[in-house]
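Shown next, in structure tokens, is the structure this report addresses.
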Amino acid sequence: MARIGVVSISDGRGHVHARNAGFIQSKQDALVASLRAAGHEVVVGADLVATNSLATSVAREVAAADVDVTVFYYAVWSFPHFTMLAADATRSPLVLVASTDPTEPGLVGMLAAGGALDQIGRKHTRAWGAPDDADLAAKIGVHAQASAAVGSLHGSTFGRFGGRPMGMNTAVANTDQWMRKFGVDVEEIDQYELVLRAEQADGAEAKKAREWIEQHAAGVHYDGDKLTPELLERQIRSYLAIRDIIDERNLDFSGIKAQPELTENFATMDVTEAFLNDPYDWNGPKQPHVCATEADMDGALTMQLFKAISGTPVLFADVRHYHADRDIWDLCNSGQHATWYAARSDDPAENLSKVNFFPEVFFFPAGGASVQHIAAPGEMTLGRLTREDGEYRLQLMLGEFENYDEATNKVLVDQSTPEWPHAFARLDAPGEVFLSKFGANHIHAVPGDHRAALRAVAEQLDIRLDEWSRGSGS
């Protein structure tokens with residue numbers, strides 16, 4: 001959850017404030033209790049703001065607590081210049097919240113303050129309702145959650161292993177733009193570092209991991225050529241190597257080019273990428289580390305935001321095929337889906353029981369295992385940060401992952417690449433609109449409906465939101 005600051009703004013006339021102070025305090029207490037009941041940490045201003053000096057000092061005190069979002073609360077008519085001074089004293093996103101108790105003009109206070117902020121171009125969001133209304137707390141929480149996600153990018157480092165893959169322009173972003181807009185630094189790392197570290201990795205650890213995979217997976221299909229125990233252990237040692245590099249260089253998220261150098265001369269990175277994105281490995285639970293295949297920078301950035309919003313691993317896939325007869329998209333990619341998506345269970349064994357490790361196909365002469373499964377069904381938020389004429393936009397939609405009987409699944413996967421993972425998605429976007437306007441070959445997804453928080457992310461980042469649905473037609 002998030003850290004939320006609350007500052008209540010009052011009337012600047014001493015006798016009016018004295019009359020209203022108890023009323024304001026009771027409303028503020030109810031709002032704070034509601035936010036805390038929703039799981040948020042709340043930092044409350046030390047005093048009600050009834051003077052210009054308090055506007056600055058109280059806001060500065062709350063800002064010093066490093067809140068994700070600051071609520072300016074209006075239970076009564078409030079002098080608008082107090083809001084202006086308080087806003088100047090904080091840099092967090094602002095949510096102006098009005099009490100709708102008709103006995104006092106809280107809405108009037110919020111509108112006057114909001115209009116004043118509009119005049120100076122200070123962005124803010126407005127909300128209103130009874131202070132103990134759970135829906136009001138949820139709306140504030142969405143903006144706080146979005147702010148925490150955006151804030152988590154600032155000061156972070158992306159590890160980019162290799163360069164542009166196979167001429168893929170959409171996988172490469174401007175590092176200056178990333179720092180200016182998102183506060184993200186990019187650490188360039190040659191893929192040879194990964195190869196060198198993999199050769200030096202702990203063989204006993206790799207054997208332990210291989211045996212764990214063999215024990216829990218639906219199958220490890222060795223063929224004596226493209227997939228052998230030695231090749232699987234090479235992939236596992238690559239995972240161990242990149243974990244060491246992540247720790248040494250303090251990488252927050254990463255991407256591996258792989259194609260064609262590693263996939264033709266060393267091994268595919270499928271196992272490495274899948275387990276980096278998973279919330280576990282053979283040593284037990286861990287935090288997922290976002291890793292994008294083909295060193296897709298905007299893909300990794302999208303995944304990092306989606307992870308911060310959802311708290312779950314994030315799916316990475318190619319938009320492989322549209323089954324028009326079923327209105328179903330086959331989202332399929334060699335690099336990964338995290339094995340967690342096979343069942344979305346807290347138990348790794350349950351997920352892996354639905355995962356097959358197949359020999360890689362002709363695209364990848366060096367061989368290794370692909371990590372194959374069909375994603376478990378459920379509601380999904382899908383989208384991606386893309387760029388148009390150099391400017392970022394968030395393309396966003398709701399969807400549903402579907403799964404079918406064994407025979408139908410086989411028919412569908414056999415039409416593309418059966419050795420790779422698949423997610424069969426019904427998108428809340430017309431196929432013609434999606435194919436005409438989606439700005440990349442890669443798409444990302446997380447379970448549940450997180451569109452409200454991602455809308456707030458787009459607003460706070462000041463980027464365009466392209467949200468598609470069946471009814472919108474655009």
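Since this is a predicted model, take the numbers as computed values, not measurements.
Taking 4.5 Å as the limit, every side-chain heavy atom of Leu427 sits out of range of all side-chain heavy atoms of Trp468. No side-chain heavy atom of Arg387 sits under 4.5 Å from any side-chain heavy atom of Asn174. Between Ser370 and Thr268, the closest side-chain pair of non-hydrogen atoms is not below 4.5 Å. Looking only at side-chain heavy atoms (C-beta outward), Asp223 and His221 stay at 4.5 Å or farther from each other. Within the 4.5 Å cutoff, the side chain of Tyr222 has heavy atoms near those of the Glu214 side chain. Looking only at side-chain heavy atoms (C-beta outward), Glu459 and His143 come within less than 4.5 Å of each other. Within the 4.5 Å cutoff, the side chain of Ile256 has heavy atoms near those of the Leu262 side chain. In this structure, the side chains of Phe358 and Lys226 stay at 4.5 Å or more apart for every pair of heavy atoms.
Heavy atoms from other residues, nucleotides or ligands lying under 6.0 Å from CG of Asp389 number 12 at most. Heavy-atom neighbours of Asp346 CG from other residues, nucleotides or ligands within 6.0 Å: at or below the threshold of 12. Within a 6.0 Å radius of NZ in Lys181, more than 12 heavy atoms belonging to other residues, nucleotides or ligands are found. Heavy-atom neighbours of Lys286 NZ from other residues, nucleotides or ligands within 6.0 Å: above the threshold of 12.
Contact between Gly114 and His124 at its shortest, heavy atoms only, is O-CE1, 3.4 Å. Leu117 approaches Ala87 most closely through the heavy-atom pair CD2-CB, 3.8 Å. Considering all non-hydrogen atoms of both residues, Ala217 and Val355 come closest at CB-O, 3.6 Å. Smallest separation of non-hydrogen atoms from Ser147 and Gln460: CA-OE1, 3.0 Å.
Annotation: cation-pi pair Arg326/Phe424 absent, no NZ/CZ under 6.0 Å from the ring centroid and within 45° of its normal. Cation-pi check for Arg384 over Phe438 is not met; the charged atom does not lie both under 6.0 angstrom from the ring centroid and within 45 degrees of its normal.
The backbone N or O of Met297 lies less than 3.5 Å from no partner atom in the side chain of Arg160, so there is not a single donor-acceptor pair.
We find the OG1-CZ distance between Thr386 and Arg464 to be 7.5 Å, quoted to the nearest 0.5 Å. Taken to the nearest 0.5 Å, the CG atom of Leu301 stands 5.5 Å off from the CG atom of Leu385. Rounded to the nearest 0.5 Å, atoms NZ (Lys307) and OG (Ser152) are 8.5 Å apart. Taken from NZ in Lys123 to OG1 in Thr125, the straight-line distance is 9.5 Å, to the nearest 0.5 Å.
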**Message:** Quick one, Glu193 with Arg197, criterion salt bridge (Lys or Arg N to Asp or Glu O under 4.0 Å). Give me CA distance, side-chain angles, the key distance, then yes/no.
**Reply:** CA-CA 6 Å; Glu193 180 78 3; Arg197 296 289 191 96; 3.1 Å; yes

**Request:** Evaluate side-chain contact (heavy atoms from CB on, under 4.5 Å) for Leu305 paired with Leu153, printing each intermediate quantity in order.
**Result:** CA-CA 8 Å; Leu305 275 172; Leu153 294 180; 3.8 Å; yes

**Item:** Audit row: Asp118, Arg126, salt bridge (Lys or Arg N to Asp or Glu O under 4.0 Å) steps and yes/no
**Value:** CA-CA 12 Å; Asp118 284 344; Arg126 303 179 193 180; 3.0 Å; yes

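Between Tyr392 and Phe182, the distance separating the two ring centers is shorter than 6.0 angstrom.
Of the N and O atoms on the side chains of Glu294 and His442, at least one donor lies less than 3.5 Å from an acceptor on the other residue. Donor-acceptor pairing under 3.5 Å is lacking for the side chains of Thr339 and Asn351. Remark: the Thr312 side chain and the Arg344 side chain contain no N/O donor-acceptor pair separated by less than 3.5 Å. Looking at Tyr322 and Asp327, their side chains do bring a donor and an acceptor atom within 3.5 Å of each other.
Under the ring pair (Phe, Tyr, Trp, His ring centres under 6.0 Å) test applied with His444, the options Tyr341, Phe316, Phe306 reduce to a single match, Phe316. With respect to Asn333, the side-chain hydrogen bond (donor to acceptor under 3.5 Å, both in side chains) criterion is satisfied by exactly one of Asp318, Thr293, Asp270: Asp318.
Ring pair Phe275/Phe357 is parallel by interplanar angle, where below 30° counts as parallel and above 60° as perpendicular.
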